[in-house]
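To start, the structure itself, in structure tokens.
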Amino acid sequence: MATSKVTTATFDAEVLKSSTPVLVDFWAEWCGPCRAVGPILEEISDEYGSKIKIVKLNTDEESAIAIKYGITSIPSMYVFVNGEVVTQIVGAKPKPALLKDLESFLV
Amino acid sequence: MSDVRNVVIVGSGPAGYTAAIYAARAQLDPIIYEGSVTAGGALMNTTEVENFPGFTDGVMGPDLMDSMRKQAKRFGAELITDDIVEMDLTGDIKVLKDGSGNTVKAKSVILATGSAYREIGLVNEKRLSGHGVSWCATCDGFFFRGQTIAVVGGGDSAVEEATFLTRFADKVVLIHRRDSLRASKIMAERAKANPKIEFMWNTEVIDVLGADKVEALKLRSTVDGTESERAFTGLFVAIGHIPRSELIVGQIDLDNEGYVICEGRSTRTNQKGVFACGDLVDHTYRQAITAAGSGCAAALDAEKFLAH
């Protein structure tokens with residue numbers, strides 16, 4: 001399953017009210033490490049899409065949400081369960097390291 | 001992959017890509033592991049590079065790396081966007097393992113793994129990383145619009161970051177342990193002329209304060225030891241780099257700071273068939289152009305080695 005884009009308008013339904021865990025990738029076009037980690041998140045989404053939903057939030061376009069969650073570094077990848085942030089991953093990481101961080105959601 | 005390659009290049013900054021260009025043109029059929037998230041190296045996190053010869057009007061760091069990458073590809077270098085996670089460089093045939101579990105064997109290896117950001121080494125620096133503490137002004141500066149932030153360091157990267165951050169921040173305070181900058185003159189003067197930049201000399205950061213985000217820094221004078229606190233919402237750490245030599249410790253001779261030791265002016269390491277270039281060997285110059293130059297030398301050294 002490919003990743004999808006979320007906006008302020010869809011954040012509530014797509015993230016906060018989701019019945020499965022959701023990883024929100026806070027990113028922007030101009031951020032090199034964000035572009036590096038993008039394809040890795042696509043792969044994880046393809047492989048584990050039934051366990052975890054991966055969505056992308058562009059911090060340039062949706063800065064209000066980024067500010068609300070106190071994002072000061074991108075990429076930041078926050079996992080939401082039942083509307084709450086349960087895991088925060090900051091910075092681009094290789095796939096094995098990301099999978100390890102997300103381990104508990106992927107079983 | 002059971003065949004033995006002529007040369008594997010590990011790392012993909014200006015050194016790695018230049019080595020790939022030369023090795024590919026020498027028809028050595030190189031394979032280059034670019035790194036899964038570090039492809040392009042340190043220049044990927046910079047903005048404008050003004051001093052790379054041949055670019056009259058400057059060039060964006062990521063664009064320069066993209067051009068080098070394409071040039072390597074054009075001559076047939078095989079580019080792999082993955083990490084090398086294990087290396088055995090001691091035998092005649094070198095064995096490397098990548099992050100996906102594949103093994104590649106080679107007669108020669110060019111190490112170009114570069115360097116990583118140095119941390120101050122404070123517990124709270126790590127805890128608040130991503131919550132106000134950052135190592136990448138170009139990535140994170142945007143989130144500090146209208147705020148007062150600190151940059152710690154005194155070299156080119158600190159001054160460049162401080163100058164860049166004034167695009168967003170109301171005030172940038174450059175905190176430096178000494179009473180003058182190590183940065184190049186042109187950059188230092190630019191920063192000194194910038195009304196948004198304030199300098200705090202002879203000062204070191206001894207703690208980062210804040211419950212879940214940076215609120216203040218605890219500072220200490222390097223002259224008389226006086227401690228003070230000052231409110232900041234962000235801390236950018238630019239105190240230099242450490243060589244990424246952790247995978248080769250025990251196999252390749254390193255100096256006491258972890259840089260690879262090469263033989264004389266060559267790129268030859270103590271292991272036959274293993275060459276090193278770029279920031280991994282260089283604690284003096286650390287420029288894109290010197291890294292590219294040493295990448296070229298490494299490819300030529302490897303070519304000569306393979307011919308014998």
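Residue numbers start from 1 in every chain, and the chains themselves are labelled A, B, ... in the order their sequence lines are given, proteins ahead of strands. As the structure is a computational prediction, the values presented were derived from the model and not from experiment.
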Segment of B:Val214 engaging chain A (4.5 angstrom heavy-atom cut-off) =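 Contact with chain A: none, neither part.
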
request  = Take atom NZ of B:Lys218 as the centre, draw a 6.0 Å sphere, and report whether it contains more than 12 heavy atoms from other residues, nucleotides or ligands.
outcome  =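 12 or below, so no.
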
key: Atom CD of B:Glu246 with >12 non-hydrogen neighbours under 6.0 angstrom   = yes

request  = Tell me, out of B:Gly130, B:Cys136, B:Ser100, B:Pro62, who's got the most heavy-atom pairs with chain A below 4.5 Å.
outcome  =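 Max contact count across the listed options: B:Gly130.
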
ask   = Among B:Gly99, B:Ala39, B:Gly132, B:Gly61, which residue forms the greatest number of heavy-atom pairs with chain A at distances under 4.5 Å?
value = B:Gly132

ask   = Where do B:Asp140 and A:Thr72 land on the side chain to side chain donor-acceptor pair (under 3.5 Å) test, with the steps shown first?
value = CA-CA 6 Å; B:Asp140 304 336; A:Thr72 61; over 6 Å; no

Region of A:Pro94 in contact with chain B, defined by heavy-atom distances below 4.5 Å =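 Looking at A:Pro94, backbone and side chain both touch chain B.
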
Side chain / backbone / both / neither for A:Ile71 at chain B, heavy atoms under 4.5 Å =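 Both backbone and side chain.
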
Distance check, rounded to the nearest 0.5 Å: [X] atom [atom1] versus [Y] atom [atom2]?
{"X": "B:Phe142", "Y": "A:Ile74", "atom1": "CZ", "atom2": "CD1", "answer": "8.0 Å"}
{"X": "B:Asp212", "Y": "A:Gln88", "atom1": "CG", "atom2": "CD", "answer": "9.0 Å"}
{"X": "A:Ser63", "Y": "B:Arg145", "atom1": "OG", "atom2": "CZ", "answer": "8.5 Å"}

query = Can you name the nearest heavy-atom pair linking B:Asn45 to A:Pro33, along with the distance?
reply = OD1-CD, 3.3 Å

Closest non-hydrogen atom pair, A:Ala66 against B:Phe143 = CB-CE2, 4.4 Å

